[in-house]
Amino acid sequence: MTFEPTVAPDSRPIRVRIAPSPTGDPHVGTAYIGLLNYLFAKQRGGKFVLRIEDTDRTRFVATSEHMIFEALKWVGLTWDEGPDVGGPFGPYRQSERTEIYREHAEILLANGTAYRSFETAEELEAMRQQQIAAKTPPRYNGAHRHLTPAQIDAYLAEGRPYTIRLKVPENTSTTFTDELRTAITFDHNNVDDQVLLKSDGYPTYHLANVVDDHLMQITDVIRAEEWISSTPKHVLLYNAFGWDLPRFWHMPLLRNVDKSKISKRKNPVSLVFYQQSGYLPQAMLNFLGLLGGGMAQPTEAEIVSKGLNTKEGDIFSLPEMLEKFDFKRISLGGPVFDLVKLKWLNGEYLRKLTPDEFFAALRTTILSDDYVRAIAPLVQARMETLGQFGDMTSFFFSDNISPPESVWLPKKRTFEETVAFAAEQLTALEAATWDATSIESALKTLGEAKQWSVKENFMLLRAILTGSLTSPPLTESLVVFGKSRSLDRLRRFLETQKKLANQRK
RNA sequence: GUCCCCGUCGUCCAGUGGUUAGGACAUCGCCCUUUCACGGCGGUAACACGGGUUCGAAUCCCGUCGGGGACGCCA
């Protein structure tokens with residue numbers, strides 16, 4: 001038996017959404033999928049919805065949501081419905097919809113397509129480790145699938161916490177259509193009994209996304225390829241509720257240079273980083289539009305008639321994308337997020353600005369009053385002439401800082417232990433709130449634990465971030481320079497040293 | 001390990017049975033130039049492999065190999 005649920009009729013007005021999770025800095029992948037959804041909706045007279053998926057309270061970052069809004073606006077994307085602008089299908093923040101998910105989980109419990117599972121997270125983790133050790137696929141063993149009503153009542157009476165899991169039908173398979181691919185089939189032996197409602201009462205992505213997409217009347221789910229393998233669970237859920245399916249479009253995943261899924265370790269992924277580093281939003285958007293194809297190359301006739309240079313086939317604006325972008329053209333190989341080409345594109349846009357516009361661009365970003373004002377007090381006491389400002393603060397305005405080993409390597413430390421310690425600094429800073437006292441205590445705590453003196457500790461970081469052993473106060477400088485750029489500089493340093501170390505071997 | 005997706009220059013894209021396999025970025029060379037950059041001109045560079053189908057395969061089919069993703073009370 002194969003499930004073949006009905007797909008929503010084509011006549012419904014197009015509605016798409018992006019659903020970022022507020023767990024940190026806004027991600028280039030969010031802008032990429034956002035752009036695609038935006039284009040899809042606008043080309044079809046549809047609505048583009050922004051929904052915040054904040055159901056993981058352990059990873060929740062309070063400042064993140066606002067940063068996501070600002071970053072999307074920065075690249076030029078706007079949404080028709082969302083937590084900030086409202087809309088007829090709100091609330092658009094999942095943490096405000098918990099009651100809805102609970103009710104829907106009850107429906108599944110009642111119709112037998114879901115069940116309660118009383119294992120603890122620790123028990124499940126132990127099971128997973130055993131399975132991995134035994135080289136078998138890590139999967140929930142379905143132990144509580146067949147609990148008798150008496151057992152369930154006993155557990156409930158005990159007040160034992162539980163999750164609600166999807167009861168994936170046995171011995172069948174699910175087939176769904178991906179609009180960019182052929183039909184995709186998953187045997188249910190390979191589909192886990194996914195947790196739908198966590199023991200804290202919050203839904204997992206799977207439940208929340210299906211319920212919300214249905215209630216918000218989403219017609220087309222355009223998301224990253226990493227979701228393909230959980231799509232059968234979603235199809236099963238639509239089925240269990242008796243709902244029509246949206247169309248699924250899985251977009252290729254952005255990649256690091258080594259082709260792995262894009263990650264902050266290997267590539268700057270924060271939109272804040274690009275903004276603060278002086279990339280123009282139109283260049284970023286253009287670059288994202290280039291990845292994965294979608295834009296038809298100009299024909300020879302167009303090149304001749306418009307007097308285009310051949311390279312200008314790669315240069316286009318959002319209105320041009322709206323006009324020409326074709327989803328059926330998207331190529332499925334995961335595109336490398338190539339910083340080199342992004343920089344070239346950005347240079348192209350920079351050169352096209354008028355002198356006044358260029359000046360304005362500098363003054364609103366890298367030379368903004370706010371930025372210079374924040375830097376000024378760090379060097380005032382150290383200066384004898386204003387002319388020394390540049391000497392003391394150049395690292396705030398530089399892209400590439402690569403101190404030689406003679407600068408960053410402490411006298412009494414080896415290369416290996418120092419690089420390892422710098423990696424620890426990165427981890428500590430990633431977890432730190434970005435203010436001077438938090439940074440300082442995070443570093444000191446680490447130094448004490450690893451037996452690094454405050455001097456060695458701070459000097460190392462100073463060298464990595466400023467390229468010098470003489471600089472304005474370190475923690476204050478870090479705060480002004482910004483978390484995303486500071487951490488990126490540290491990551492690049494580590495990558496560079498790793499490569500050098502490999503070359504020596 | 002299991003399942004799923006993908007596979008054209010180093011990178012991003014063209015190419016959908018008949019092309020000298022095209023463009024962009026990068027790279028190399030030349031020109032312009034006080035330097036660098038910009039700009040101009042030119043070069044190197046790819047159909048992963050093996051079987052089919054066909055008069056003819058980058059294009060269609062199968063297998064192999066390679067890459068990636070998923071396998072969480074993360075999203």
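Heavy-atom basis, side chains included; hydrogens, waters and symmetry copies ignored.
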A:Phe359 meets the side chain to side chain contact (heavy atoms under 4.5 Å, CB included) criterion, sequence neighbours left out, with A:Arg363
Applying the 3.5 Å cut-off to both distances, the Watson-Crick or G-U partner of B:rG1 turns out to be B:rC71
Rounded to whole Å, the CG-C1' distance (A:Asn141 to B:rU2) equals 16 Å
Review point. So, does A:Asn37 use its side chain to make a donor-acceptor pair with the main chain of A:Tyr32 at under 3.5 Å?
Key: no
In whole angstroms, the gap separating P of B:rU59 from CG of A:Leu332 amounts to 17 Å
Passes ring pair (Phe, Tyr, Trp, His ring centres under 6.0 Å), A:His144 versus A:Tyr115? Steps please.
CA-CA 8 Å; A:His144 286 197; A:Tyr115 62 95; 8.3 Å; no
Point to revise | Pairwise C1' distance for B:rG39 and B:rC74, with rounding to whole Å | key: 50 Å
- Write down the distance separating the P atoms in B:rU64 and B:rU44, rounded off to the nearest Å. 37 Å
Under a 3.5 Å limit on both distances, the Watson-Crick or wobble mate of B:rU54 is none
Quiz prompt | Span that lies between the P atom of B:rU11 and that of B:rG68, in whole angstrom | solution = 13 Å
Taken in chain and number order and not counting sequence neighbours, the residues that satisfy side chain to side chain contact (heavy atoms under 4.5 Å, CB included) with A:Asp326 are A:Lys328, A:Arg329
Taken to the nearest whole Å, CD1/A:Ile228 to P/B:rC6 is 7 Å
(Q) When the C1' atoms of B:rA58 and B:rA21 are compared, how many Å lie between them, rounded to an integer? (A) 8 Å
inquiry  = If I pick the C1' atom on B:rC47 and the same atom on B:rA14, what distance separates them, to the nearest angstrom?
reply    = 13 Å
Rounded to whole Å, the CG-C1' distance (A:Asp314 to B:rA26) equals 13 Å
Review point. So, is the end of the A:Arg160 side chain (NZ or CZ) under 6.0 Å from the ring centre of A:Tyr155 and within 45° of the ring's axis?
Key: yes
Pairwise P distance for B:rC60 and B:rG1, with rounding to whole Å
30 Å
What residues 341-363 of chain A contributes to the RNA chain B interface at heavy-atom separation below 4.0 Å is A:Lys341, A:Trp344, A:Glu348, A:Arg351
Mate of B:rG29 across any strand shown (Watson-Crick or G-U wobble, both atom pairs under 3.5 Å) is B:rC41
Comparing nearest nucleotides in RNA chain B, the 5'-proximal residue of the pair A:Ile330, A:Thr182 is A:Thr182
note: A:Asp338, atom CG; B:rC9, atom P; distance rounded to Å ~ 14 Å
The correct set of residues in residues 63-85 of chain A placing a heavy atom under 4.0 Å from RNA chain B is none
Over-ring placement of A:Arg116 relative to A:Tyr162, 6.0 Å and 45° cut-offs: yes
Separation of B:rU16 atom C1' from A:Lys328 atom NZ, nearest Å, is 15 Å
Checking A:Tyr140 side chain against A:Arg165 main chain: does a donor-acceptor pair fall under 3.5 Å?
-> no
Between CG of A:Leu290 and P of B:rG23 the distance, given in whole Å, is 17 Å
With sequence neighbours left out, the residues meeting side chain to side chain contact (heavy atoms under 4.5 Å, CB included) with A:Ala432 are A:Ala442
**Report entry** Salt-bridge present (A:Glu99, A:Arg102; N to O < 4.0 Å)
**Finding:** yes
Protein-proximity profile, nucleotides 68-75 of chain B, B/S/- by nucleotide at the 4.0 Å heavy-atom cutoff, equals SSSBSBBB
Check the angle between the aromatic planes of A:Trp243 and A:His214 and answer parallel, tilted or perpendicular using the 30° and 60° thresholds. parallel
Rounded to whole Å, CZ of A:Phe316 lies from P of B:rC13 at a distance of 11 Å
Quick note, A:Ser331 side chain, CB onward, closest among B:rA14, B:rC25, B:rC6 is B:rA14
Which of A:Asp54, A:Thr55, A:Asp56 passes side-chain hydrogen bond (donor to acceptor under 3.5 Å, both in side chains) with A:Ser95? It is A:Asp54
Among B:rG15, B:rU11, B:rC4, the one nearest any side-chain atom of A:Ile184 is B:rC4
For B:rG22, the nucleotide meeting Watson-Crick or G-U wobble distances (both under 3.5 Å) is B:rC13
Across every strand shown, the nucleotide meeting Watson-Crick or G-U wobble geometry with B:rG66 (both distances under 3.5 Å) is B:rC6
| query | Say you pick atom C1' in B:rG15 and the same atom in B:rG22; how far apart are they, in whole Å? | reply | 8 Å
Has the side chain of A:Glu81 got a donor or acceptor atom that lies under 3.5 Å from a matching backbone atom of A:Phe48?
no
*asked:* If I pick the C1' atom on B:rG67 and the same atom on B:rU33, what distance separates them, to the nearest angstrom?
replied: 45 Å
Donor-acceptor contact below 3.5 Å, side chain A:Thr175 vs main chain A:Thr185
no
